[in-house]
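To keep things clear, I will list the structure first and then write my remarks on it.
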Amino acid sequence: MNSAPATILDLAMLVALCVAIMAGVPVVFVLTGTAVLFGVLGILTGVFDPFLFGALAQRAFGTMTSEVLIAIPLFVYMGIMLERSKIAVELLEAMGRLFGTVRGGLAVSVSIVGALLAASTGIVGATVVTMGLIALPAMLRRGYDPAFACGSVCAAGTLGQIIPPSTVMVILGEVLAAAYQQAQLAQGKFSIETVSVGELFAGSMIPGLMLAGIYIVYQLVLCWWRPEAGPAIPRTEADGLTAAQIARALVPPIVLIVAVLGSILGGIATPTEAASVGAVGATLLAGLRAREDKPWPIYAAALAAAGMVVLGATFDMRLGRANPPPGDVYATWAATACALVLAWGIGVALWRTFRTEVLHGTVRTTANVTAMIFATLIGATVYSLVFRGLGGDEMIRDFLTSLPGGKWGALLVVQAVVFVLGFPLDFVEIVIIMVPIVGPILLQMDIDPIWLGVLFAMNLQTSFLTPPLGPTLFYLQGVVPPSVKTSDIYRGVTPFVILQVIGLALVMAFPALATWLPGKLF
């Protein structure tokens with residue numbers, strides 16, 4: 001059991017963290033500052049071993065060199081490059097004309113585009129802002145109820161949090177894997193089972209698509225019941241939409257989704273390798289959009305990439321073998337030629353995006369977001385080390401295990417805390433702070449790690465939507481027309497929050513919604 005001074009320091013450490021965050025101090029400085037302060041206090045009072053600080057450099061280096069976390073800057077780059085290459089604009093315009101002749105069709109198109117952008121970018125803020133700038137004015141011009149239109153945009157934007165591949169899912173998968181390992185060691189299991197980011201991606205697929213489907217059903221039923229909420233656009237405005245225009249809008253993101261997500265779920269590539277494919281694909285698409293009058297270098301690069309995949313699956317092209325068959329030799333030379341063509345196409349795409357200044361903003365934003373994430377990871381490592389060194393994990397475990405209801409009581413309390421933290425904190429910060437503390441304790445109660453990870457993601461997605469402090473609401477408030485009131489946004493998202501709670505309750509009641517697909521694929 002903890003000594004009284006250690007328990008007091010643990011509680012004070014949690015209070016100091018919450019107070020500093022509510023005061024608006026950047027989370028990175030809060031995590032590191034409180035950890036160092038209370039670590040020193042623990043040393044002075046004799047309840048903290050100073051030698052624990054000796055492990056900090058090694059743990060920070062391990063975080064920075066984690067192969068899984070390398071996927072973070074690649075996924076961030078992919079999402080920002082796609083957003084700047086106007087993929088979302090074309091998708092929204094094509095889907096709006098395709099479904100607009102149905103009551104609520106523009107809202108349905110927003111949900112579909114939100115799901116597609118979630119699976120190709122995974123960046124909630126960018127998706128909400130993009131659709132708020134493009135889709136919201138179009139719906140308002142067509143006579144849509146402002147509240148219904150705002151709620152549809154906010155709800156569709158948050159799908160990027162649950163539908164893979166997602167940057168936050170990569171972080172959650174890495175942190176959850178470490179928590180699962182600690183839980184098994186605490187239970188005396190030395191034959192460690194692992195949980196991968198790919199399994200978490202698979203676990204979130206069905207819940208994510210289920211939520212998108214629930215949104216669409218609600219939108220259609222509401223507009224059937226109240227036609228004035230989402231009137232249909234005249235059919236004459238959609239008659240000019242051709243199959244080529246639909247294909248041009250849909251094929252690029254779908255191909256990218258198949259290449260990235262399909263390779264992960266199919267076991268062909270790791271999340272990091274798939275993220276690199278996505279980054280290259282996004283660069284080629286941006287290069288194609290920059291000079292559509294000269295598409296052949298991009299097409300040649302795409303064909304070369306496909307050729308390399310086919311050759312790699314058909315022939316054994318390992319180097320250094322003695323007397324390889326002639327077919328393998330020819331395939332190796334063909335793959336080399338394809339690699340050169342692909343490199344040339346990537347170079348052309350980079351040059352085009354550089355000249356149009358798309359590359360500048362993409363690289364700068366990617367560097368900023370990546371630095372923030374890794375700095376927070378390192379700060380959370382320091383905080384977790386001191387908190388555990390003071391016996392905080394034992395204090396939390398004693399509290400959770402003493403709750404009535406066993407694992408369900410502990411799970412509900414943790415979910416409530418995570419929901420509240422979703423108002424002032426970002427998903428990344430919550431995952432990095434909360435999962436290392438409560439994850440090992442919950443996982444020792446025989447809770448499935450994939451199910452727990454999906455519940456975390458869906459819970460925070462609900463928190464991000466909930467008035468009055470949901471971050472998604474602030475994203476939209478920054479881009480809505482002056483005629484839209486804050487009360488319209490709050491009133492519009494409330495039904496979607498209820499739908500979100502229903503979805504969360506379904507996944508909590510039926511864990512197979514999150515665990516069935518990973519069990520089949522992995």
Side-chain angles (χ1 to χ4, degrees), residues 79-97 99-100 104-163 166 211-212 215-216 218-219 222 229-230 233 249 253 361 365 369 422-423 426-427 461-497 499-500:
I80 296 171
M81 183 64 81
L82 284 175
E83 187 266 330
R84 291 175 179 270
S85 61
K86 308 302 181 184
I87 295 291
V89 175
E90 294 183 356
L91 266 175
L92 283 167
E93 290 179 351
M95 292 298 98
R97 294 172 66 187
F99 295 102
L106 292 180
V108 171
S109 68
V110 166
S111 296
I112 294 174
V113 171
L116 288 174
L117 291 179
S120 55
T121 67
I123 300 177
V124 173
T127 304
V128 172
V129 170
T130 300
M131 292 197 295
L133 289 171
I134 302 166
L136 185 59
M139 286 193 283
L140 295 178
R141 283 197 305 269
R142 300 298 180 187
Y144 272 61
D145 178 67
F148 176 59
C150 291
S152 298
V153 170
C154 286
T158 58
L159 290 173
Q161 192 132 296
I162 185 69
I163 295 180
S166 164
L211 281 177
Y215 292 164
I216 291 172
Y218 164 73
Q219 289 162 341
L222 177 67
I233 66 174
T365 305
V369 173
F423 294 132
D426 185 70
F427 184 100
Q461 185 181 356
T462 307
S463 178
F464 277 24
L465 268 179
T466 304
L469 299 175
T472 307
L473 310 180
F474 295 116
Y475 292 144
L476 188 63
Q477 280 179 340
V479 297
V480 294
S483 59
V484 177
K485 303 176 182 178
T486 302
S487 59
D488 292 329
I489 300 177
Y490 290 176
R491 186 163 51 90
V493 299
T494 300
F496 289 95
V497 172
L499 296 175
Q500 188 80 32

With a 4.5 Å heavy-atom cut-off, do K485 and Y490 have their side chains touching?
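Heavy-atom side-chain distance check fails, nothing below 4.5 Å.
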
Do P481 and V484 have side chains that approach each other closer than 4.5 Å (heavy atoms only, starting at C-beta)?
yes

Distance in Å, [X] [atom1] paired with [Y] [atom2], rounded so as to fall on 0.5 Å steps:
X: S109; Y: I216; atom1: OG; atom2: CD1; value: 9.5 Å
X: L106; Y: L140; atom1: CG; atom2: CG; value: 10.5 Å
X: L465; Y: T494; atom1: CG; atom2: OG1; value: 10.0 Å
X: C154; Y: L136; atom1: SG; atom2: CG; value: 9.0 Å
X: I162; Y: T462; atom1: CD1; atom2: OG1; value: 9.5 Å

What verdict does the side chain to side chain contact (heavy atoms under 4.5 Å, CB included) test give for V110 and M139, after you've listed the backbone C-alpha separation in whole Å, the side-chain angles of each residue and the deciding distance to 0.1 Å?
CA-CA 10 Å; V110 166; M139 286 193 283; 4.0 Å; yes

For S111 and L159 the tightest heavy-atom approach is O-CD1, 4.1 Å

What's the shortest heavy-atom distance between G132 and P137, and which atoms?
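The answer is O-CD, 3.3 Å.
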
Do R491 and D488 meet the salt-bridge criterion of a basic N to acidic O distance under 4.0 Å?
yes

Using ring-ring contact (aromatic ring centres under 6.0 Å, His included) as the criterion, list what pairs up with F496, not counting sequence neighbours.
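If we apply the ring-ring contact (aromatic ring centres under 6.0 Å, His included) test to F496, skipping adjacent residues, the hits are Y215, Y218.
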
Go through the structure and list residues passing salt bridge (Lys or Arg N to Asp or Glu O under 4.0 Å) with D145, not counting sequence neighbours.
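Counting only residues at least two positions away or on another chain, D145 forms no salt bridge (Lys or Arg N to Asp or Glu O under 4.0 Å).
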
